[in-house]
Amino acid sequence: MRFSRAYIPTTKESPKDAQLPSHIYLSRAGFVAQVASGLYNFLPLGKRVLRKIETIINEEMAACGALEVDLSFVTPAELWEESGRIEKFGKELLRFRDRKDNLFVLGPTHEEMMVSIVRNRVTSYKQLPLNVYQIKTKFRDEARPRFGLMRAREFVMKDGYSFHASTEDLDREFDAMEAAYKRILERLGLSFRIVEADSGAIGGTGSKELMVLAQSGEDTLAVCDTCEYGANVEAARRAPRSTVPEAPEADFAKFKTPNIKSIDDLSAFFHTDPFYTLKAVIKRAVYTEGSEPVCFFIRGCDELQEVKARNSVGAIDLVDITEEELREIGLVPGFVGPLDQDKTRFVMDNNTRDATSMICGANETDYHFVGVTLSVMNEASFADLVAVQEGDGCPHCGGKLLHTKGIEVGHIFKLGTVYSAPLKAEYLDENGRSQPFIMGTYGMGVSRLVAAVIEQHHDERGCIWTHATAPYMVNVMVSNIKEEAHMAYAETLYLELQSRGIETILDDRKERFGFKMSDAELIGFPLTVIIGKELENEQVQIMIRATREIITIDAAGILDKIEELTR
RNA sequence: CGGGGCGUAGCUCAGUAUGGUUAGAGUACUUGGUUUGGGACCAAGGGGCCGGAGGUUCGAGUCCUCUCGCCCCGACCA
């Protein structure tokens, strides 16, 4: 491609709305242009990057025997009513009616459609397993689109679904998909982590998210500094404490603790570690129908993880509760404890199981109990409630857990029969019995990956594309196109590189050196060959974008050098 | 969906408090000239329904009402 004939509208100024590096540079370098909130046009360079990512995904899916399909973007609302998700998705589903007044939705994901193409066609266990996928535009009418391509309303996603006759076979396919996803991200040149995740309201097990590590990530991860373990904080686990602080010595007693309400005050008052205090966190749990106050008890040294807490009671939301509401229920703010208390439902953290020497509220103003043994609490329900902190132990190897930020670019999990059962998608097993398909689902955000590459690879001058994602690998830049010998040399090099299969752009624009260099850096081609005054000495220069290092070499060796650098 | 902010040239923004000839700058664009290794300089140009509708006024980019759009914080996010 000749730059003079390309359409690459670069700008010096960032769009005022852009905040994230990916948004700023993809806009400034002319990869994408915003149309409306959460809607983007892909310009020629952006489209090339998108296609490169799609090609890699297609290659890896083909290697696994997954089959590509293309389902209609507009889907009849009946399918969504059948699965019950028309309600669950709510306003995120964009609905509209056709001329015959039939209701349709724009597909936000395609579980229903994919099940519908298989059901009543795949009828025997002999036709299983089956893994089908598509790379397709999705639409979710997000309440608040933001961060450019990272959270758009219209986006490109690869969504795949597998169908099996046994959970063992699903497990095998799931592992194969995890390996394939790992290869895709490796080939893209991304640094990432596969982490354990919360399955969300939809249920299912073995939920794993593929996280590209970047400061601007929306998700917080707990990752082990020693082994491969990593988890979204919403689902992170930790090893039991290897050492526990010295326990306070006290027999069971009620103790006057005037105005001692916080964990800090309490541990200071008794000169003991917060480990031996019991923290009560009271929330209002909201269910599909109705709500109730719930008291979560955790050790004073821990923090409540809200997603875990929500899951522990099957609530759809937890909201804060006021001190007045607490008093109305009959609880004493600052002195809430689990003993002799039946005012609310309560959940105890697993770490408090069989705890001894504990200090907890006495449900009476200015009094706490000391020397409490929680093994008597067997009627309470226990669950994992705590937020993993930095420095906690890894549940696998005992290494240290650290927090980091990640961009979720993939999510795979085992659906089981969550969709196949209600949609009555069944096959006949060896015994001639009808069975719902056992399903797995594998998603990857393709347009989000474009942004993720830049979030992870940029500097203050612009994009730094990885070799697999670069719109062009080499930019042949002529410093001054009026120098006929320079242009002639560049033309020859341009043709030669292309004949060797290296994607090349020739910057033949009538612009000054600095202008072209700035564009090269903003756009982020991995290599820029600078053809200019050095040519008088039979030399050319190569600017390596990642480091901005400029190397000067003999013109004769340029092709070999480029092949070496692009390998 | 709650809270906040912003809509003026292709882009980034002044101008609005206190209404008053022909609405500005930078950048980008066109033409001519000079330059040619880090977004160069000189000169001359084209480009605007001041988001939209209604109102107040002799007169509205500016004041009032309504509306639409975009951004930020939060809630939400299979």
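Computation of the quantities below employed the complete heavy-atom set of this structure, encompassing side-chain atoms and omitting hydrogens, waters and symmetry-equivalent molecules.
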task: Could you let me know what B/U16 is paired to, Watson-Crick or G-U wobble, both distances under 3.5 Å, or none if it's on its own?
output: none
message: I need the NE2-P distance between A/His23 and B/C72, as an integer number of Å.
response: 8 Å
- prompt: When the ring centroid of A/Tyr25 is compared with that of A/Trp465, is the distance short of 6.0 Å?
  reply: no
- prompt: Within this structure, what is the CZ-to-P distance between A/Arg461 and B/G39, rounded to whole angstrom?
  reply: 10 Å
- prompt: Does any N or O donor sit under 3.5 Å from an N or O acceptor when you compare the side chain of A/Asp519 with the base of B/G39?
  reply: yes
message: What's A/Glu408 touching, base or sugar-phosphate or nothing? Going by heavy atoms closer than 4.0 Å.
response: nothing
message: In this structure, how many angstroms lie between the C1' atom of B/G37 and the CG atom of A/Leu535, rounded?
response: 14 Å
task: Return the value, rounded to whole Å, for the distance between atom CD of A/Glu460 and atom P of B/G38.
output: 18 Å
- request: Using the C1' atom as the reference point in each nucleotide, state the distance between B/A75 and B/G39 in Å, no decimals.
  value: 43 Å
query: Cation-pi between A/Arg153 and A/Phe139: NZ/CZ under 6.0 Å from ring centre and within 45° of the ring axis?
result: no
task: Take the protein atom NZ of A/Lys12 and the nucleotide atom C1' of B/G26, then report the distance between them rounded to whole Å.
output: 9 Å
field: Mate of B/C70 where both pairing distances stay under 3.5 Å, Watson-Crick or G-U
entry: B/G5
task: Report the base-pairing partner of B/U21 (Watson-Crick or G-U wobble, both distances below 3.5 angstrom), or none.
output: none
- prompt: Would you say the side-chain atoms of A/Tyr489 pair up with the backbone N or O of A/Glu484, donor to acceptor, closer than 3.5 Å?
  reply: no
message: Nearest to the A/Asn480 side chain among B/U36, B/C72, B/G38, which nucleotide is it?
response: B/U36
Of A/Glu92 and A/Met543, the one whose closest RNA chain B nucleotide lies more 5': A/Met543
query: Which nucleotide in the list B/U35, B/G37, B/U12 gets nearest to the side chain of A/Pro15?
result: B/U12
query: Got a salt bridge between A/Asp70 and A/Lys136, using NZ or NE/NH1/NH2 to carboxylate O under 4.0 Å?
result: yes
- request: Over 60° means perpendicular and under 30° means parallel, so classify the ring planes of A/Tyr442 and A/Phe174, tilted if in between.
  value: tilted
Nearest-0.5 Å distance that lies between atom NE2 in A/His110 and atom CG in A/Leu71: 5.5 Å
Verify stack between A/Phe513 ring and B/G37 base, 5.5 Å, 30 degrees: yes
- line: Checking B/C71, B/G39, B/C11 against the side chain of A/Glu13 (C-beta onward), the nearest is B/C11
field: Whole-angstrom distance between B/A23 and B/U16, as gauged at atom C1'
entry: 12 Å
field: Candidate nucleotides B/U36, B/C73, B/C70, ranked by approach to the side chain of A/Lys482 - the nearest
entry: B/U36
query: Considering only side-chain heavy atoms of A/Arg28, which listed nucleotide, B/G37, B/G39, B/C72, is closest?
result: B/G39
query: How close or far is atom P of B/C71 from atom CG of A/Leu39, stated in whole angstroms?
result: 9 Å
field: Distance between P atoms of B/C68 and B/A53 (Å, rounded)
entry: 15 Å
task: Check whether any side-chain nitrogen or oxygen of A/Ser37 sits under 4.0 Å from OP1 or OP2 of B/C71, and answer yes or no.
output: yes
message: Looking at A/Arg548 and A/Asp459, is there a salt bridge between them, counting it only when a charged N and a carboxylate O are closer than 4.0 Å?
response: no
message: I'd like the C1' distance from B/U8 over to B/C49, given in whole Å.
response: 12 Å
Per A/Arg548 side chain, nearest of listed nucleotides B/G38, B/C73, B/C1: B/G38
- prompt: Can you tell me how far P in B/U62 sits from the matching atom in B/U21, rounded to whole Å?
  reply: 14 Å
field: Between B/G24 and B/G15 - C1' atom distance, rounded Å
entry: 7 Å
- request: Identify which nucleotide among B/G37, B/U35, B/C77 has an atom closest to any side-chain atom of A/Arg512, counting heavy atoms from C-beta outward.
  value: B/U35
- request: Starting from the 5' end of RNA chain B, give me the residue, A/Phe147 or A/Ser14, whose nearest nucleotide shows up first.
  value: A/Ser14
- prompt: Does OP1 or OP2 of B/C1 have a side-chain N or O of A/Lys91 closer than 4.0 Å?
  reply: yes
query: Taking only side-chain nitrogens and oxygens of A/Gln34, does any of them come within less than 4.0 Å of OP1 or OP2 of B/C71?
result: yes
message: Tell me the closest heavy-atom pair linking A/Ile454 and A/Ser22, and the distance in Å.
response: CG2-CA, 3.6 Å
- line: note: A/Glu521, atom CD; B/G38, atom P; distance rounded to Å ~ 12 Å
message: Given B/C13, B/G38, B/C73, identify the nucleotide with an atom nearest to the side chain of A/Lys16.
response: B/C13
- request: Using atom CG of A/Asp17 as one end and atom P of B/C72 as the other, report the distance to the nearest whole Å.
  value: 7 Å
- prompt: In the structure shown, which nucleotide is the Watson-Crick or G-U wobble counterpart of B/A60, with both distances under 3.5 Å?
  reply: none
task: Tell me what A/Met157 touches on the nucleic acid: a base, only sugar-phosphate, or nothing, going by heavy atoms under 4.0 Å.
output: base
message: Under a 4.0 Å threshold between the charged nitrogen and the carboxylate oxygen, would A/Glu142 count as salt-bridged to A/Arg151?
response: yes
- prompt: Any idea which of B/A40, B/G37, B/A75 is nearest the A/Ser479 side chain?
  reply: B/G37
statement: Across every strand shown, the nucleotide meeting Watson-Crick or G-U wobble geometry with B/G47 (both distances under 3.5 Å) is none
field: Separation between the P atoms of B/A44 and B/A25, rounded to whole Å
entry: 13 Å
- prompt: Does B/G37 pair with anything, Watson-Crick or G-U wobble, both distances under 3.5 Å, and if so, with which nucleotide?
  reply: none
- request: Could you work out the separation of B/C63 and B/A17 based on their C1' atoms and round it to a whole Å?
  value: 11 Å
- request: Both distances under 3.5 Å, Watson-Crick or G-U wobble: report the partner of B/C11, or none.
  value: B/G26
